[in-house]
Asker: 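Okay, here's the structure, questions in a sec.
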Amino acid sequence: MATELVHVGFGNYLASNRIAHRLPPNSAPAQRLIRKAKEERIVIDMTSGRRTKTAVVLDSGQVVLLAITPEALAGRVTAARQDKVAQAQAAVE
């Protein structure tokens with residue numbers, strides 16, 4: 001399986017096939033998850049000092065903090081997958 005990288009801002013990329021969950025960080029459960037992950041030192045901060053708008057849980061259990069909204073992340077993942085399908089179809093033709 002090929003790794004699909006998605007641009008998440010400020011020169012950072014995230015492997016879309018490793019995303020287990022994405023959630024807004026302002027809910028109480030998300031804040032507890034982020035706090036616990038920081039204590040365990042398994043947080044990857046990709047906000048470049050900006051406000052955290054999305055918390056992503058990877059399949060490895062790590063938590064990634066992003067400065068883009070969950071909707072924007074979903075749109076970028078969907079666009080990357082559509083591009084991959086289009087490239088595969090073009091290669092067949």
Side-chain angles (χ1 to χ4, degrees):
M1 174 189 279
T3 301
E4 300 172 15
L5 296 178
V6 177
H7 185 258
V8 293
F10 311 109
N12 297 308
Y13 290 84
L14 190 62
S16 64
N17 58 332
R18 302 289 307 267
I19 297 173
H21 304 283
R22 60 179 165 72
L23 47 128
N26 53 1
S27 66
Q31 289 177 353
R32 284 193 298 270
L33 176 73
I34 293 168
R35 191 176 318 115
K36 182 179 177 197
K38 283 182 179 179
E39 290 170 1
E40 295 176 8
R41 302 181 59 86
I42 56 172
V43 170
I44 301 170
D45 188 352
M46 293 186 173
T47 61
S48 294
R50 306 302 199 288
R51 186 173 80 93
T52 301
K53 294 182 182 175
T54 304
V56 175
V57 180
L58 302 179
D59 59 355
S60 63
Q62 294 174 308
V63 178
V64 181
L65 305 178
L66 304 175
I68 61 173
T69 63
E71 295 81 15
L73 177 62
R76 292 178 187 190
V77 169
T78 302
R81 290 187 179 153
Q82 288 174 348
D83 288 345
K84 185 177 179 181
V85 169
Q87 289 175 356
Q89 288 175 347
V92 171
E93 295 174 353

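If you read the sequence from its start, that first residue is 1, and numbering goes on from there.
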Asker: Going from CG on L14 to OG1 on T3, what distance comes out if it is rounded to the nearest 0.5 angstrom?
Answerer: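 It comes to 11.0 Å.
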Asker: Which pair of non-hydrogen atoms, one from A30 and one from P24, has the smallest distance, and what is that distance?
Answerer: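 Scanning both residues completely, I find the closest heavy atoms to be CB-O, 3.5 Å.
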Asker: Are V56 and V8 co-members of a hydrophobic cluster defined by side-chain heavy atoms under 4.5 Å apart?
Answerer: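 Shared cluster, yes.
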Asker: If you look at every heavy atom in A80 and V6, which pair is closest and at what distance?
Answerer: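 Heavy-atom minimum between the residues: CB-CG2, 4.4 Å.
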Asker: Do you know the tightest heavy-atom contact between A20 and D59?
Answerer: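 The answer is CB-N, 4.1 Å.
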Asker: For residues L33 and V57, report the shortest heavy-atom separation together with the two atoms involved.
Answerer: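 Looking at all heavy atoms of both residues, the closest pair is CD2-CG2, 3.6 Å.
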Asker: Nearest 0.5 Å please: distance from the OG1 atom of T47 over to the CG atom of L65.
Answerer: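 With rounding to 0.5 Å, OG1 (T47) is 6.5 Å from CG (L65).
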Asker: Backbone N or O of T54 within a donor-acceptor pair of the R22 side chain at under 3.5 Å?
Answerer: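 Not confirmed, R22 side chain does not pair with T54 backbone.
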Asker: How far does CD1 of I42 sit from CD1 of I34, to the nearest 0.5 angstrom?
Answerer: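 One gets 11.5 Å once the value is rounded to the nearest 0.5 Å.
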Asker: With a 6.0 Å cut-off (strictly less than), is the heavy-atom count around NE2 of H21, excluding the residue itself, greater than 12?
Answerer: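 Atom NE2 in H21 is not packed in, count stays at 12 or less.
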Asker: So how far is it from K84 NZ to R81 CZ, rounded to the nearest 0.5 Å?
Answerer: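 Here the rounded value is 9.0 Å.
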Asker: So, for R50 and A67, which heavy atoms are closest and what is the spacing to 0.1 Å?
Answerer: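 Residues R50 and A67, closest heavy atoms: CB-CB, 3.8 Å.
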Asker: Are I44 and L5 co-members of a hydrophobic cluster defined by side-chain heavy atoms under 4.5 Å apart?
Answerer: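 No, no single cluster joins them.
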Asker: List the atom of Y13, the atom of M46, and the distance in Å for their closest heavy-atom pair.
Answerer: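 That would be O-CE, 3.8 Å.
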Asker: Tell me if a side-chain donor or acceptor on S16 pairs with a main-chain N or O of E4 at a distance below 3.5 Å.
Answerer: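 Such a contact is found between S16 side chain and E4 backbone.
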Asker: As an exercise, state the distance from CD1 of I68 to OG1 of T52, rounded to the nearest 0.5 Å.
Answerer: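 Answer for the CD1-OG1 pair, I68 versus T52, is 12.0 Å.
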Asker: Measure the spacing between CD of Q31 and CG of L23 and express it to the nearest 0.5 Å.
Answerer: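 Answer for the CD-CG pair, Q31 versus L23, is 11.0 Å.
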Asker: Do the non-hydrogen side-chain atoms of N12 and L66 ever get within less than 4.5 Å of each other?
Answerer: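 No - every pair of side-chain heavy atoms lies 4.5 Å or more apart.
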